[in-house]
Structure formats: C-alpha cells, structure tokens
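Accompanying notes for the structure given below.
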Amino acid sequence: MKNSWNWAGNYKYSASELYIPTSLEQVQEVVARSKQIKVLGTRHSFNSIADCTEILLSLQNLNRVVALDTVENKVTVEAGIRYGELCEYLHNHGYGLHNLASLPHITVAGACATATHGSGDRNGNLATVVDSMEIVQANGDMAVYSREQQDLAGSIVGLGGLGVVTKITLDVIPTFQMSQYVYDNLSLMQLSEHFDDIFSSAYSVSLFTDWKNANFNQVWLKRKLTDQVSDQAAPEFFGAQLAISSRHPVPGHTAENCSEQMGVAGPWHERLPHFRMDFTPSAGEELQSEYFVPRQDAYQALNALNGIREHISPHLYVSEVRTIAKDNLWMSPNYNQDSVAIHFTWKPNWEAVKQVLPMIEKQLAPFRARPHWGKLFTMQPAQLRPLYEKLPDFRELLLHCDPHGKFRNDFLNTYLMEK
C-alpha cells in the first residue's frame, strides 16, 4: 500500500490494499467480499484504531452534500466530506453547526466515530448532533440508525466497529458571526476560585500552556456575536493581558495559519477552528494525546500535572485545556459527565513521549481520566474498560452487528473485546 503513513508520520498502516470507491455500490461490493476492512478518514488518528491487515477503504470520493432540510434543520452528507467543505456549504446557505474541532481538515464521519470535540460549557462533542447514519453492514446490506431507534446512542461513537458509515445526518442551526480574542499569561491559581467564570466567559474557551511554569501562556476566547452584545475586549482577563498581536498556540510559530483574532468579526466556521482550512494545520510533525476528566475535578487534575511539569515540558509543543458538555453516547469520553479535556501536542519523539505518558496517566488516575480513542496513550485495557460503564452493552452491539469481526482490529479487540 503506497503512502501508508498517517498524517503525523508516526504510524505506518499494515493493510495490503487501499480501495477508493466512487459509488455506494462499490462500497457494498468490497465490504461483502472482504475478510477484514477498516475505513480510513483523513489519517488524523495517532494510533492503530483505523488500521487492519487486509483492506483500508477511503471514502474521499464520496464527499457530497446530499440534502439540506430547511424545515427540520438538518443536513445529510456523504461520509467522506470534511468539515471545512461542509461548513462553507452550510454558511453559504444560511446555516451553521454548534461547534467544530481545532482542525477543519477532518472528516465528519471520522470525527463523530471517535467523539472528537470542540470547546464550550454548553457544547457537546461533534457526535452529539448526529440525527441518523446509513451503514454498510458486514454482508454488504444497508442499515439505518436514527434517533428513533434504541441503539443510536450506542452506535454514533462506533469506533469503526459497526460497519462502514456512508451517509450521516446532522442537526444544523442558523449561521452566526463570531469574534476571537487572545490573552497572555493566565495563572493556574486563577482556576481555583474562578474556573466557572473563566470557562463561561465566551461561547468557546481554550487555555494553552507549555508547562514550563504554573501559567497558561494563552487564553483564546471565541464569542458568538449578537446585536445585543458589545464586542469590546477588556485589557485584562483574570490577570491575563490582552494580546497586542495575533498568536499561534505553539510558542515561536507564526500566526498566519491560525483563525482570525484581534476581535475581527467573521462567520462561525472561520473562528471556531484554531486553524484555517487553506493552511497546514497545527505544528506539522507532531504526536498527540488527550485525557478527559470530570469537570468538578479539573483544577485538581491540572495541579497534579503541574507537579510533574518538568517531565512534560521538554517534550511538548503545547497543551490545551477545554470544556465539553456531557452526553449520552455510550463510548464518548463525555458520557454522563461534563468534562474537561487536557490535550498534549508533543514533539515527534515517541520514545520520549512513551516514557512521559505513564506518569501523566498515574497523576490523572484518581480522577478516572478517559483517553481520546484516536490519540496516543499507554493505559492498560484492564484500567481503561471500567471507565466506560456502557462498554459491556457496546460489546454486545458489536457482536450483534458484526459477529465475525470483519470491522474489528487488534486495537478494538484489545481494548473492547478481551475480558
């Protein structure tokens, strides 16, 4: 298989064949005849969750907007569409999505399958607006999961184990304008008394730190604009100072590939992501890890990490802290808990990062931290499984939908199936 590396260049796929269909019928045919198959999105997973030894299926040619329902406020898209492409279409038709991830380059189906998220106290992860999905099953037949069916909560964050998602329907909202301001140097201590005030101060809030000290280098505030709200930024934010120029989250990097800042108003899809669609995302070659802790434990969890920052900072580009609203999706890290995500963007040195992750996981263990499914972690399966109370039900759903394991791989078998 040519070009067999993931986006970051840290993982080489082991599949013998990459198949790129141009029709639903071709998807059904290749699924029906294969012994093992996994769907490859934009290759933004950092581990083996999307890999297998036989066929990788890319839906890059199945990337159309199928329908926009202006009565029910829903959009149906093919699974290969990326958020950047969908967002442009929606905005041009007067609609928007409730939230976006940091990168607009990822596919809608892939992001929903792994509970990828944005930020905001009231904003659920990207999968929470899924209304229905069409899936090619192991025998090549089609199945539809919808909110009217009991198993939708179990199937949306399906980790690629239920079948090949070919179409997905999302809730949409009226388009809206946003602005973005950045503040420099927020003390970690401010979160002890003002955590809720800080994270409720805008539609979406992100804190960035390189863990070189007990400060957050930057605070990104993304505000939803209305006629009733003035968009004047105070010179100070809980002791942090208003930035006098645009910032990149990673210290030392130019801000030209970042979304517009300095309070300049713009459409939602050009402000919610940290990075612009037409530029190389983030820092380039990198590794990523992320852990979710209950919101009420977030300050204590950050203090625990601060205690080992001398082990973290030498290998780190930047760490981001965001809030996510709870949901009812079985395999979501936000299942039944308002969460705070602590994200690490690492320098591309896996041997060094592999030594640090167990330290981080040990510090976060008292808070029952759940790792992001598509990123790097070293947590043992026996430690991970009890963190998901619906995992036994999800395992039964997998066995029902795919009894012979056509869509499962070593990753899913290790973390979900083996007892």
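- Asn306 has its side chain within reach of Trp211: a pair of non-hydrogen atoms, C-beta onward, lies under 4.5 Å apart.
- With sequence neighbours excluded, no residue forms a side chain to side chain donor-acceptor pair (under 3.5 Å) with Asp402.
- With contacts defined as side-chain heavy-atom distances shorter than 4.5 Å, the pair His248/Thr254 does not qualify.
- The main-chain N or O of Asn349 is never found under 3.5 Å from a side-chain atom of His315 such that the two would form a donor-acceptor pair.
- Ring geometry for Tyr291 versus Phe344: interplanar angle over 60°, hence perpendicular rather than tilted (30 to 60°).
- Under the 3.5 Å distance criterion, the side-chain polar atoms of Glu78 are matched with a main-chain donor or acceptor of Arg64.
- Heavy atoms of other residues, nucleotides or ligands lying less than 6.0 angstrom from NZ of Lys74 number more than 12.
- More than 12 non-hydrogen atoms from other residues, nucleotides or ligands lie less than 6.0 angstrom from CD of Gln300.
- More than 12 heavy atoms of other shown residues, nucleotides or ligands fall within 6.0 angstrom of atom CG in Asn61.
- Applying the side chain to side chain contact (heavy atoms under 4.5 Å, CB included) rule to Val77 yields the partners Val65, Val75, Ile81, Leu86, Ile168; only residues at least two apart in sequence or on another chain are considered.
- Although no hydrogens or angles enter the test, the distance criterion places no donor-acceptor pair under 3.5 Å between the side chain of Glu320 and the main chain of His343.
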**Message:** For Ser319 and Ile342: C-alpha separation, side-chain torsions, deciding distance, then whether side chain to side chain contact (heavy atoms under 4.5 Å, CB included) applies.
**Reply:** CA-CA 7 Å; Ser319 182; Ile342 307 172; 4.1 Å; yes
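- You'll find the side chain of Phe407 stays beyond 4.5 Å of the side chain of Leu162, heavy atoms only.
- Every side chain to side chain contact (heavy atoms under 4.5 Å, CB included) that Leu399 has, sequence neighbours left out, goes to Arg395, Arg408, Met417.
- Classified by interplanar angle (parallel below 30°, tilted 30° to 60°, perpendicular above 60°), the ring pair Phe176/Tyr203 is tilted.
- A salt bridge links Asp131 with Arg147: the closest approach of a Lys/Arg side-chain nitrogen to an acidic carboxylate oxygen falls below 4.0 angstrom.
- In this structure, Asp51 and Asp410 have side chains that are not in contact, with every pair of non-hydrogen atoms separated by 4.5 Å or more.
- With sequence neighbours left out, the side chain to side chain donor-acceptor pair (under 3.5 Å) criterion links Gln60 to Ser58.
- Listed by first then second residue, pairs satisfying salt bridge (Lys or Arg N to Asp or Glu O under 4.0 Å) with a partner in residues 359-383 number zero, not counting sequence neighbours.
- The shortest distance between side-chain heavy atoms of Leu329 and Asn125 falls below 4.5 Å.
- A side-chain donor-acceptor contact under 3.5 Å links Thr114 to the backbone of Gly110.
- Judged as a salt bridge (Lys or Arg N to Asp or Glu O under 4.0 Å), the pairs with a partner in residues 339-354 (not counting sequence neighbours) are, in order, Glu351-Lys354.
- Note that the CZ atom of Phe199 and the CG atom of Asp338 stand 13.0 Å from one another [nearest 0.5 Å].
- Using a distance-only test at 3.5 Å, with no hydrogens or angles considered, no donor-acceptor pair links the side chain of Thr175 to the main chain of Gly96.
- Within the 4.5 Å cutoff, the side chain of Cys258 has heavy atoms near those of the Pro249 side chain.
- Between Lys406 and Glu54 there is no salt bridge, since no side-chain N of the basic residue sits under 4.0 Å from a carboxylate O of the acidic one.
- Between Glu389 and Pro392, the shortest heavy-atom contact is O-CD, 3.5 Å.
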**Asked** What's the verdict on side chain to side chain contact (heavy atoms under 4.5 Å, CB included) for Val321 and Leu191, showing C-alpha distance, side-chain angles and the deciding distance?
**Response** CA-CA 12 Å; Val321 179; Leu191 271 64; 5.7 Å; no
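- Shown here are the side chain to side chain donor-acceptor pair (under 3.5 Å) partners of Asn99, two or more places apart in sequence or in another chain: there are none.
- Panel note: side chain Asn409, backbone Ser48; a donor-acceptor pair is recorded below 3.5 Å.
- Using a 4.5 Å heavy-atom threshold, the side chains of Val157 and Trp330 count as separate.
- Applying the side chain to side chain donor-acceptor pair (under 3.5 Å) criterion to Glu270, with sequence neighbours excluded, gives no partner residue.
- Here salt bridge (Lys or Arg N to Asp or Glu O under 4.0 Å) pairs that include residues 180-205, with residues two or more places apart or in two chains, are Asp184-Arg247, Asp196-Arg295.
- In terms of the side chain to side chain contact (heavy atoms under 4.5 Å, CB included) criterion, residue partners of Gln190 (sequence neighbours excluded) are, by chain and number, Leu186, Ser187, His194, Ile198, Phe238.
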For this session: Run the numbers on Tyr335 and Asp327 for side chain to side chain contact (heavy atoms under 4.5 Å, CB included), then give the verdict.
Result: CA-CA 5 Å; Tyr335 177 79; Asp327 57 56; 4.3 Å; yes
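- Using a 4.5 Å cut-off on side-chain heavy atoms (C-beta onward), Val356 and Trp346 make contact.
- Glu290 places no side-chain N or O within 3.5 Å of a backbone atom of Gly374 that could act as its donor or acceptor partner.
- Qualifying ring-ring contact (aromatic ring centres under 6.0 Å, His included) partners for Tyr415, counting only residues two or more places apart in sequence or in other chains: Phe377, Phe411.
- In this structure a side-chain-to-backbone donor-acceptor pair under 3.5 Å is present from Arg276 to Glu256.
- Residues passing the side chain to side chain contact (heavy atoms under 4.5 Å, CB included) test with Ser259, sequence neighbours excluded: Gln180, Trp220, Lys222.
- Each of Asp210, Leu302, Asn185 was compared with Phe216 under the side-chain contact (heavy atoms from CB on, under 4.5 Å) criterion, and only Leu302 meets it.
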